[in-house]
Trainee: 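Can you read through this structure? Questions will come right after.
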There are 2 protein chains.
Amino acid sequence: MIDDTAARAQVVGAADRLFYACGVQAVGMDAVRTEAGVSLKRIYRLFPSKDDLIVAVLERRREVWDAGIAATAERAATPREKLLAVFDFLDAWFREPDFRGCAFINFYGELSGGSEEVRRTVREQKEAFGAYVARLVDEAGAPASLAPQISILAEGAQTTAAIANTPDAAAHARAAAEALLADALD
Amino acid sequence: MIDDTAARAQVVGAADRLFYACGVQAVGMDAVRTEAGVSLKRIYRLFPSKDDLIVAVLERRREVWDAGIAATAERAATPREKLLAVFDFLDAWFREPDFRGCAFINFYGELSGGSEEVRRTVREQKEAFGAYVARLVDEAGAPASLAPQISILAEGAQTTAAIANTPDAAAHARAAAEALLADALD
DNA sequence: TACTCTAGAGAACGATCGTTCTCACCGCAA
DNA sequence: TTGCGGTGAGAACGATCGTTCTCTAGAGTA
């Protein structure tokens, strides 16, 4: 038998795959149990309700996102390049075969009529990303008003890529960000 | 008794309000029947399945969107102003008290794992909007590469406004579009 | 060996879903 | 008046949901 930490990771990973691919409400807890190989009883000991599991999935997504953004930024030298690297990160993500849009946006659209905790978790993630962009904009010496514009480009690229089903949106958004940065920096 | 045309409009209107406010899967057909004041039997004669009703809701949303965009554009003189008017239209929409994001994006995130017809309807709407923007960009004498950038700004503004729960995103996106247009037109 | 405790497998529960069916009732031709 | 086709109201159906309960088997301890 595996320990609770490993079981937790398996359950969250399985739920992430299923929820992201099929939508949250379309996936039953039985399907999570089968995919995770962890008994229902144990799932409910680790996560008292499905809502708790959804939040855990979003929190794991956030960690993966933050780590990916950080890794991409590390390969860039200047704040300006770190900002543009966000769009390279998106480009690589859009090309993954199972890309299906931003899970935060998808879950929010599906569940914001219900669980308050899901709403809050999604909002916190988007605020954190906005703050990250704002910090880089400041470090690049550009006016603060540029930050929400770049965040909106990143946001729009994600939904556009998901619906149009092509990765082109990343390049388009990057080009727009470059132009806005060039405008602001001279 | 009302005729089929009026009953259809009532059902689609009721379903639109409920689906948009609560999410599609969270709303049962019984709730639609109560809100619309039309019997289940008649609903199922007008719409053979819930999927058909969802598509009808999206088609009505598209008509309302197109009419709103057209009305806003009419008040603008030049292609450039018509492009920027899109963001004024968004601004007014974001300020409506029951604004909850773009229904197409929300439905897509919730249902794209399922109904193929919903996927197609959403994709068509976004393509049509992209084509509208592309036409205006062309008429404004700007390079075609600007069109997807402006579309992405509009898309991103919608999700950002929904999640952050403020209408500011419209003004930010408009400012970015203005800068990109100014860049492209000289 | 005998007892206790815990875990897993999955049946069971009540609620709710999309959809269909029943049935009393209406306007209208003969 | 009598019969009939179609209506609305809502009960009913089978499936599935999130969640809990039962039962069995095995590990650890005296």
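Chain letters run A, B, ... following the sequence lines, proteins first, then strands; residues in each count from 1. Predicted, not measured: the structure shown is a model, and the values here were computed from it.
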Trainee: For the base of dG8(D), is there a side-chain donor-acceptor partner from K41(B) under 3.5 Å away?
Mentor: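 In this structure, the two groups form a donor-acceptor pair.
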Trainee: Distance check needed: dG18(D) P versus K50(A) NZ, whole Å only.
Mentor: 4 Å
Trainee: Starting at CE of M29(B) and ending at P of dT16(D), how long is that distance when rounded to a whole Å?
Mentor: 19 Å
Trainee: Can you check the L40(B) CG to dT22(C) C1' distance for me, whole Å?
Mentor: 14 Å
Trainee: Would you kindly give the CG-to-P distance between D30(B) and dC13(D), to the nearest whole Å?
Mentor: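 Interatomic distance, CG of D30(B) to P of dC13(D): 16 Å.
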Trainee: Ignoring the backbone of S39(B), work out which of dC17(C), dT19(D), dG8(D) is nearest its side chain.
Mentor: dG8(D)
Trainee: Quickly work out the I54(B) CD1 to dG18(C) P distance and round it to whole Å.
Mentor: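 Value for this atom pair: 9 Å.
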Trainee: dG8(C), OP1 or OP2 - any side-chain N/O from R42(A) closer than 4.0 Å?
Mentor: yes
Trainee: Check whether any side-chain heavy atom of R80(B) lies under 4.5 Å from a side-chain heavy atom of L136(B), and answer yes or no.
Mentor: no
Trainee: Counting any heavy atom closer than 4.0 Å, what does V32(B) reach on the DNA or RNA strands: base, sugar-phosphate only, or nothing?
Mentor: nothing
Trainee: From CD of Q25(A) over to C1' of dT19(D), roughly how many Å is that when rounded to an integer?
Mentor: 16 Å
Trainee: Taking 4.0 Å as the cut-off, does a side-chain nitrogen or oxygen of R45(A) come that near to OP1 or OP2 on dT6(C)?
Mentor: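 The answer is no; no side-chain N or O of R45(A) sits under 4.0 Å from OP1 or OP2.
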Trainee: For the pair made of OH in Y44(B) and P in dA9(D), what is the distance, rounded to whole Å?
Mentor: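 That distance rounds to 17 Å.
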Trainee: For the side chain of R123(A) and the backbone of I163(B), is there at least one donor-acceptor N/O pair under 3.5 Å apart?
Mentor: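 Such a contact is found between R123(A) side chain and I163(B) backbone.
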Trainee: Side-chain N or O of R33(A) less than 4.0 angstrom from OP1 or OP2 on dG8(C)?
Mentor: no
Trainee: Tell me whether the centres of the aromatic rings in W65(A) and F104(A) are closer together than 6.0 Å.
Mentor: no
